[in-house]
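Structure, as structure tokens:
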Amino acid sequence: MGQGFYEKQLIALISCCTLFLFVEHILSRIKKVNRDAAEAQMEDGGRVSNATVLSADWLQGPYVYSLYREQYKFPERLVALLFVTGFSSGALTAPLVGAWADQYGRKRICLAFCITYALSCVCIFVPYLPILLIGRSFGGISGSILFSAFESWLISASNNAGLADSDLSRIMGRASLVNGLVATGAGVVSNQLVTSTSNFGSPFLLSGTILVLAWFVIASSWKENFGSTEANTRNNSILQVGRLAQAWKVARQDKVLLVLGLTQTCFEGSMYLFVFLWVPSLQEASHSSDISPLPLGYIFSAFMISMMLGSLLYTAITSHYLTSSPRSNDSSLSVHAKLSSLVCAISGLALAASVTSRNERIRFWCFCVFEACVGMYYPVQGMLRGTLISNEHRATLSSLFRVPLNVFVVVSLLTGVSSARYAVLSASSVMLGFSAIMTGLVIVNHADNHSNSRDVVIFQAYRVAFGRLRD
């Protein structure tokens with residue numbers, strides 16, 4: 001199946017996404033959803049910096065595997081070792097990254113991300129294994145920062161601005177939408193760069209340049225926030241042993257937080273393995289050759305459009321159940337808990353279907369469904385973390401949850417991902433199904449009980465007030 005097939009699918013997905021955006025715009029005007037000044041400043045201020053950072057990250061996405069495997073001619077075991085190095089460094093540094101963000105400031109750690117990720121881009125141009133391993137280590141550290149400190153900064157800044165759950169949910173949905181939009185453009189740009197330069201490393205050069213720009217954007221537009229109630233507290237050592245112990249004690253005594261961490265491990269672990277597996281999986285199904293290789297940039301863009309459709313679906317669902325409901329504050333946790341269980345279940349089924357089918361088209365669309373679930377997962381999980389984890393330990397716990405996630409990915413990669421591709425995808429599918437069940441049994445049940453208990457309190461308050469009025 002040639003390049004024309006994927007171009008047609010990309011055009012179809014873009015058309016669907018454009019239609020959904022148009023319908024959402026019309027509905028929002030009908031509902032007259034207006035942003036107050038705080039929400040507008042929060043969303044618009046963070047959008048530029050987030051888009052800049054994400055574009056730098058997504059530019060590298062389609063060609064990491066191809067650079068190592070096809071341009072540098074490394075054997076697949078060595079490619080797996082490079083990926084393992086990145087995830088291992090992420091696992092080792094994740095707890096410290098989160099604790100430092102809470103203790104010393106989320107903005108400061110996000111600025112450090114721009115530096116470490118830019119260094120990773122520099123190292124990848126040196127086809128010398130020790131340098132490439134150092135680069136992957138910087139990349140692992142950067143990943144831990146990207147998926148903990150940035151979200152923690154946004155939630156804390158939103159809470160400080162006094163935004164309601166429905167407003168924060170809308171911002172999260174928009175952030176996921178922008179993420180998909182930026183990734184789509186990055187896929188097309190990276191494809192054109194590689195085509196014009198015949199060098200898989202060219203997207204990494206542009207990525208490093210953008211990260212330098214992102215450093216200046218964040219430094220000039222963000223306000224600092226901390227996890228501690230007192231911003232200037234500096235009682236812990238550089239290893240943050242006290243904070244890490246306290247955060248772990250909070251987590252292990254709360255089964256809701258443990259299941260939240262389980263979901264993060266299962267879903268994001270499957271997502272990272274998917275990054276390593278989607279290229280060889282489609283190549284196997286298409287029987288592509290060096291003469292007519294797969295258009296990886298276009299396929300990547302199709303995946304990102306699918307992610308945008310998922311974020312639009314999330315916005316539509318939460319707008320209906322939260323913005324339109326007079327009991328939105330009571331139902332927010334319950335809605336997001338149910339969505340989390342549903343997203344894990346559907347993504348697990350999509351991966352299972354991709355394993356059972358050798359048809360290129362079916363496999364491609366299964367991967368698109370999985371990416372749509374990714375588009376829903378990030379705002380859903382972000383809202384759950386914002387609701388269930390206190391601000392004091394938010395970045396620390398988010399990073400601690402990444403330790404088993406990285407261990408899961410490392411063990412999977414060490415099995416020899418290519419030869420055990422179907423086993424890895426099948427295991428990911430089972431883990432996602434298990435996560436869906438546990439989320440339903442624990443977090444959804446907790447959310448429903450929480451909502452019911454609040455209903456009782458409100459009802460009793462109304463009875464007391466009515467009795468006083470009658471007297």
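Side-chain atoms of Asn225 do not come within 3.5 Å of backbone N or O of Ser156 as any donor-acceptor pair. Between the side chain of Ser428 and the main chain of Ser270, no donor-acceptor pair closer than 3.5 Å is present. At distances below 3.5 Å, at least one donor-acceptor pair connects side-chain atoms of Thr209 with backbone N or O atoms of Leu205. Formation of a donor-acceptor pair under 3.5 Å by the Thr52 side chain with backbone atoms of Ala214 is not found in this model. In this structure, Ser120 contributes its side chain and Gly135 its backbone to a donor-acceptor pair below 3.5 Å. Checked by atom type and distance alone, the side chain of Ser435 never pairs as donor or acceptor with a backbone atom of Met431 at under 3.5 Å. A donor-acceptor contact shorter than 3.5 Å links the side chain of Ser220 to the backbone of Val217. A donor-acceptor pair under 3.5 Å links the side-chain atoms of Ser306 to the main chain of Ala302, judged by distance alone. Side-chain N or O atoms of Trp58 include none that pairs as donor or acceptor with a backbone N or O of Met304 at under 3.5 Å. Glu224 places a side-chain N or O within 3.5 Å of a backbone atom of Arg108 that can act as its donor or acceptor partner.
For the residue pair Tyr298 and Gln9, no side-chain donor N or O sits within less than 3.5 Å of a side-chain acceptor on the partner. When only modelled atom types and interatomic distance are considered, Asn179 and Tyr378 share no side-chain donor-acceptor pair under 3.5 Å.
Partner Ser144 forms a side chain to side chain contact (heavy atoms under 4.5 Å, CB included) with one of Val403, Leu96, Thr116, Thr93 and no other, that one being Thr93. Tested against Trp278, the residues Phe370, Phe303, Phe367 include a single ring pair (Phe, Tyr, Trp, His ring centres under 6.0 Å) partner, Phe303.
Separating the CG atom in Leu388 from the CG atom in Leu333 is a distance of 5.5 Å, to the nearest 0.5 Å. Atom OG1 of Thr439 is separated from atom CG of Asn445 by 12.0 Å, given to the nearest 0.5 angstrom. Note: Met438 CE to Cys344 SG = 12.0 Å, rounded to the nearest 0.5 Å.
Figure legend: cation-pi geometry between Arg106 and Phe226 absent, as NZ or CZ is not positioned both under 6.0 Å from the six-membered ring centre and within 45° of its axis.
Between Phe150 and Phe113, the distance from one ring center to the other falls under 6.0 angstrom.
Thr318 and His336 make their closest contact through CG2-NE2, 3.9 Å (heavy atoms, listed as atom of the first residue, atom of the second, distance). Residues Ser190 and Leu59 approach most closely at CB-O, 3.8 Å, considering heavy atoms. Heavy atoms only, all atoms of each residue included: Gly440 and Ser341 are closest at N-OG, 4.0 Å. Nearest heavy atom pair, residue Ala186 against residue Ser55, reads CB-O, 4.3 Å.
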